[in-house]
Amino acid sequence: MPELPDVEGFRQVLLSCGRGCRVTGVRVRDAGVLRGVSAPRLRSVLEGRRLGTPWRHGKWLFVPVEDGGPARGVAPRREGAAGAEGPVLAFHFGMTGSLRCCARDEAPAPHDRIVFTLDGPRSLRYRDQRKLQGVRLTDAAGVDRICEGLGPDALSVHKPEFRDALAGRRGTVKSELMDQSVIAGLGNLLRDEILWRARVAPRTAARDMDERTLRGVHTAMGRVLKTSVHDRRVPPRRGWLTGRRDDGDPHCPRCGSRLRSGRVSGRRTVWCPVCQP
DNA sequence: CACACTACCTGGGGGC
DNA sequence: TGCCCCCAGGTAGTGT
């Protein structure tokens, strides 16, 4: 499930449950989610240290790891998130990952791959059924390397920047919006929803969109994201395309036409042939 | 260069 | 009940 809104929700989890807490234990229950770091190293770097203020870019979530003094909370603010000096935890949730805040003694769920015990009453868990992505331990330079490969964050990108990102792209809008190096954070559901709202057919070539259409896509993206971030997921509302895509015989919530479904750039794509000509 | 296809993983659901 | 195949909201690598 994780697209930008879900990951933003996980950031909130870290903010309310993890920030400023000291990590007292790291239990790696399945090392298959570790990327480029061993379980012992993850443990030795984290244990005794505190979690800083998390930040997100696209579908990536970063958490600076700060020295674990006795004082709780108030870590000295450094120059910008990416300016953190020490180690940084980097999460990517793939298709099935999540980050949950649980009671410290709550029994782990089958897919809780890593349990971070904190000095408060709670623990954080990286839960992930499919293990398509995972957890890394890096530093500011590593974060920069990751972000260099990403376009502007979909939640904060303004219209001119958005237009520049898509300008001259040869691919279909659908594939360009799904390309994290163009715009970071959109997943398959969001893209379908945004294009449906903007009344743009998924196979439209990005370079064929005029200024007005691009603005419409940007506006639709903003609205869809705003609601989705609030709900911490892309909500399956009946008034949304997302609320219909799994119906047996899905119809457009706007015009009632039968929805089309097919593959565009390798992903299942749902659209309304009437609203999105 | 845009696209198709595969691989990485696991589990749920439908058909038989 | 069991088995097989397809499907899933992600990404990276390879070939055409």
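Below, chains carry the letters A, B, ... as their sequence lines are ordered, and counting in each starts from 1.
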Is it the case that the base of C/dA8 and the side chain of A/Arg130 share a donor-acceptor contact (distance under 3.5 Å, atom types as modelled)? yes
Using only side-chain N and O atoms of A/His92, determine if any of them is under 4.0 Å from OP1 or OP2 of C/dG10. no
Can you tell me the Watson-Crick or wobble partner of B/dC9, both distances under 3.5 angstrom? none
Interatomic distance at P, B/dC1 relative to C/dT11, whole Å: 22 Å
Would you say C/dT11 has OP1 or OP2 under 4.0 Å from some side-chain N or O of A/Lys59? yes
Look through every strand shown and name the nucleotide pairing with C/dG9 as Watson-Crick or G-U wobble, where both distances are under 3.5 Å. none
Could you tell me how far apart A/Met95 (CE) and B/dA7 (P) are, to the nearest whole angstrom? 16 Å
Could you label the plane-to-plane angle of the A/His92 and A/Trp60 rings as parallel, tilted or perpendicular, counting under 30° as parallel and over 60° as perpendicular? perpendicular
Euclidean distance for P, C/dC7 against B/dC5 (whole angstrom): 13 Å
Could you go step by step and tell me if A/Cys275 and A/Cys255 meet the disulfide bond (SG atoms under 2.5 Å apart) rule? CA-CA 7 Å; A/Cys275 296; A/Cys255 76; 3.8 Å; no
Across the strands shown, which category fits A/Thr242 at heavy-atom distances under 4.0 angstrom: base, sugar-phosphate, nothing? nothing
When rounded to whole Å, the CG to C1' distance for the pair A/Leu189 and C/dC7 reads 14 Å
A/Arg245 near the nucleic acid: base, sugar-phosphate alone, or nothing, with a heavy-atom cut-off under 4.0 Å? sugar-phosphate
Any side-chain N or O of A/Arg268 below 4.0 angstrom from OP1/OP2 of C/dG10? no
Euclidean distance, atom CD of residue A/Gln129 to atom P of C/dG9 [Å, nearest integer]: 13 Å
In a single word, yes or no, tell whether A/Cys272 and A/Cys252 have an SG-SG distance below 2.5 angstrom. no
So if I take every side-chain heavy atom of A/Leu132 and compare against C/dG10, B/dT10, B/dC3, which nucleotide ends up nearest? C/dG10
Taking atom P of C/dA8 as reference, at what distance in whole Å does atom CE of A/Met178 sit? 12 Å
For A/Phe93 and A/Tyr126, I'd like to know if the aromatic rings sit close, meaning centre-to-centre distance below 6.0 Å. yes
Does a nitrogen or oxygen in the side chain of A/Arg170 sit under 4.0 Å from OP1 or OP2 of B/dC1? no
Would you say a side-chain N or O of A/Lys131 is under 4.0 Å from OP1 or OP2 of B/dC8? no
Smallest separation among heavy atoms of A/His251 and A/Gly256, with atom names: ND1-O, 3.1 Å
What is the distance, rounded to the nearest whole Å, between atom CZ of A/Arg113 and atom C1' of B/dC8? 14 Å
Between C/dC5 and B/dT6, how far is it from one P atom to the other, in whole Å? 15 Å
Nearest-Å distance for atom pair CZ/C1', residues A/Arg267 and C/dA12: 13 Å
Whole angstrom value for the distance that separates P of C/dG10 from CZ of A/Arg233: 16 Å
Measure CG/A/Leu34 against C1'/B/dC8 and give the value in whole Å, please. 16 Å
Using a 4.5 Å cut-off on heavy atoms from C-beta on, say whether the side chain of A/Ile146 contacts that of A/His57. no
For A/Arg263, report the nucleic acid contact type (base, sugar-phosphate, nothing); a contact means any heavy atom under 4.0 Å. sugar-phosphate
Just N and O in the side chain of A/Gln180: are any of them under 4.0 Å from OP1 or OP2 of C/dG10? no
A/Thr96 side-chain N/O to B/dT10 phosphate OP1/OP2 under 4.0 Å: no
